[in-house]
Amino acid sequence: MKLVIASDIHGSAYYAQKVKDAFEREGGELLALLGDIYNPGPRNPISKDYEPLKVASILNSIKDKLIVIKGNCDSEVDTLISEFDFSDFSQIFVDGLKITLTHGHKFNKDNMPTNAGDLMCYGHFHTGFITKVGKTVVANAGSVSLPKDGTPSSYLTVEGGVVTLKDIDGKTVDTMKIEK
């Protein structure tokens with residue numbers, strides 16, 4: 001199964017469409033969104049083409065292929081325009097790998113959850129990377145709409161025991177094999 005993971009759309013219809021396009025281009029079977037879907041939050045600028053209702057329309061069109069994690073900027077009112085559920089976190093199994101999906105404001109590489117599994121993915125910090133903490137590969141999807149610290153708009157793929165960080169156009173930025 002090919003898993004595509006993105007985070008921090010922050011209401012940008014432009015980048016929501018880019019995520020959907022990347023998901024389709026990658027041939028993804030499941031798209032995990034790691035929070036901060038519609039709202040910019042008080043510390044962020046308004047993202048390009050800020051249109052939360054259009055973001056909802058784009059994401060609702062692929063609702064059956066989504067896992068959506070609640071971020072620190074997501075609120076209960078967001079569910080009113082969403083035809084999908086928000087979860088606080090999720091643990092899924094893909095190709096025999098246990099994968100923890102979270103936003104990153106609670107659990108991250110500096111505050112690992114108990115039994116994070118083989119791979120833990122999060123967003124929140126808007127900087128994409130792949131590293132290892134103990135036996136767990138830890139990957140930050142970055143932010144598709146508001147990347148920070150010179151990192152590109154990015155997303156992750158997980159397939160065949162490999163996690164890959166890519167820029168929004170699909171160019172590989174980093175990759176790591178997940179060892180069991």
Side-chain angles (χ1 to χ4, degrees), residues 1-41 44-95 97 99-105 119 121-126 128 139-147 151-160 162-173:
M1 174 197 284
K2 188 164 192 178
L3 174 64
V4 177
I5 304 166
S7 191
D8 295 274
I9 296 171
H10 288 289
S12 171
Y14 175 84
Y15 283 105
Q17 186 61 53
K18 288 279 207 179
V19 167
K20 182 180 177 187
D21 293 346
F23 177 66
E24 291 170 351
R25 180 180 65 242
E26 293 284 351
E29 297 169 68
L30 186 63
L31 175 60
L33 299 176
L34 303 181
D36 291 357
I37 307 302
Y38 302 121
N39 298 308
N44 295 315
I46 298 297
S47 56
K48 179 178 181 166
D49 295 341
Y50 179 72
E51 297 180 67
L53 288 174
K54 191 169 181 183
V55 171
S57 177
I58 292 164
L59 298 179
N60 288 338
S61 75
I62 55 172
K63 64 186 173 193
D64 295 336
K65 297 181 179 188
L66 291 179
I67 292 178
V68 182
I69 305 302
K70 184 178 181 181
N72 62 308
C73 292
D74 295 318
S75 63
E76 189 174 332
V77 74
D78 294 340
T79 63
L80 299 176
I81 60 173
S82 304
E83 296 174 10
F84 48 84
D85 295 322
F86 288 76
S87 300
D88 287 332
F89 74 97
S90 187
Q91 289 188 315
I92 62 173
F93 289 86
V94 174
D95 298 332
L97 298 172
I99 302 173
T100 297
L101 303 169
T102 187
H103 179 60
H105 63 299
L119 173 64
C121 299
Y122 62 97
H124 182 63
F125 294 97
H126 298 217
N140 189 304
S143 171
V144 292
S145 66
L146 299 168
T151 61
S153 295
S154 59
Y155 64 95
L156 298 164
T157 62
V158 180
E159 184 178 39
V162 175
V163 60
T164 304
L165 177 67
K166 297 183 177 185
D167 73 15
I168 199 65
D169 296 318
K171 180 181 173 194
T172 298
V173 176

Taking side chain to side chain contact (heavy atoms under 4.5 Å, CB included) as the criterion, tell me which of P147, S143, P40 meets it with D8. S143
Heavy-atom check, side chain of [X] versus side chain of [Y], under 4.5 Å:
| X | Y | result |
| --- | --- | --- |
| L59 | S82 | no |
| D78 | I37 | no |
| E26 | K166 | yes |
| I67 | S87 | no |
| N72 | D36 | yes |
| V144 | V19 | yes |

Side-chain donor/acceptor of [X] to backbone N/O of [Y], under 3.5 Å:
| X | Y | value |
| --- | --- | --- |
| H126 | G142 | no |
| D169 | K171 | no |
| S154 | A141 | yes |
| S12 | K48 | yes |
| S145 | S47 | no |
| D85 | V68 | no |
| Q91 | T100 | no |

From [atom1] ([X]) to [atom2] ([Y]), nearest 0.5 Å:
| X | Y | atom1 | atom2 | answer |
| --- | --- | --- | --- | --- |
| I62 | L33 | CD1 | CG | 7.0 Å |
| L3 | F23 | CG | CZ | 9.0 Å |
| F86 | S75 | CZ | OG | 8.5 Å |
| C73 | N44 | SG | CG | 6.0 Å |
| K18 | I58 | NZ | CD1 | 12.0 Å |
| L101 | L119 | CG | CG | 8.0 Å |

Taking every non-hydrogen atom, the tightest pair across [X] and [Y]:
| X | Y | value |
| --- | --- | --- |
| K70 | H105 | O-CE1, 4.2 Å |
| C121 | I99 | SG-CG2, 4.5 Å |
| Y155 | D167 | CE2-O, 3.2 Å |

Apply the test side-chain contact (heavy atoms from CB on, under 4.5 Å) to residues N39 and Y50: give CA-CA distance (whole Å), side-chain angles for both, the deciding distance (0.1 Å), then the verdict. CA-CA 9 Å; N39 298 308; Y50 179 72; 4.1 Å; yes
Step by step, work out the side-chain contact (heavy atoms from CB on, under 4.5 Å) result for H103 and S7. CA-CA 8 Å; H103 179 60; S7 191; 4.3 Å; yes
Taking everything shown except K54 itself, do over 12 heavy atoms lie less than 6.0 Å from its NZ?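 Count not over threshold, so no.
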Counting only heavy atoms not in K20, do more than 12 sit closer than 6.0 Å to its NZ atom? yes
